[in-house]
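Note sheet for the following structure.
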Amino acid sequence: MAYYCNDCSYRSKTSGQGGKCAACGSFNMSATGMQTQEKVAPSLWHKIALVSSWTLLIVLIIWKLIN
């Protein structure tokens, strides 16, 4: 469980003494469960750009070694 201070934006895994914020001493804390974020797969043009840039780099290195 994560704790978040609504006054100073302090985040912690544990609350302070008596449920107050460890940074500012405010009692305006909210306890939230850990939320998971879904990873978004890269789009097709990102994959094409990645492969083409690596291919270009390898071709340029080979060309430089030959000449």
Side-chain angles (χ1 to χ4, degrees):
M1 183 172 294
Y3 295 94
Y4 178 76
C5 179
N6 295 324
D7 291 333
C8 71
S9 303
Y10 177 75
R11 294 176 191 254
S12 176
K13 291 185 179 182
T14 59
S15 66
Q17 289 181 331
K20 64 181 181 178
C21 176
C24 69
S26 172
F27 287 99
N28 192 8
M29 298 284 289
S30 61
T32 59
M34 301 302 274
Q35 299 174 355
T36 58
Q37 296 179 354
E38 295 181 18
K39 291 187 177 181
V40 178
S43 62
L44 179 62
W45 76 271
H46 279 116
K47 292 177 185 177
I48 292 171
L50 177 69
V51 169
S52 63
S53 63
W54 276 105
T55 304
L56 178 64
L57 177 67
I58 292 170
V59 167
L60 288 174
I61 290 173
I62 291 172
W63 180 71
K64 196 70 165 172
L65 290 174
I66 291 173
N67 292 333

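Numbering of residues begins at 1 and proceeds along the displayed sequence.
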Please list every donor-acceptor pair under 3.5 Å in which a side-chain atom of residues 56-67 meets a protein atom from a residue at least two apart or in another chain.
none

Practice prompt. Taking all non-hydrogen atoms of both residues into account, name the closest pair between G18 and F27 and its distance.
Written response: O-CE2, 3.6 Å

Item to complete: Quick one: which residue pairs count as a side chain to side chain donor-acceptor pair (under 3.5 Å) with a foot in residues 21-31, not counting sequence neighbours?
Response: N6-N28, D7-S26, D7-N28

Worksheet entry | Which atom of K20 lies closest to which atom of M29, heavy atoms considered | C-CG, 4.3 Å

Item to complete: Could you tell me which residues satisfy side chain to side chain donor-acceptor pair (under 3.5 Å) with S43, sequence neighbours excluded, listed by chain and number?
Response: W45, H46

Response to the item:
Nearest heavy-atom contact between V51 and T55 is O-OG1, 2.7 Å

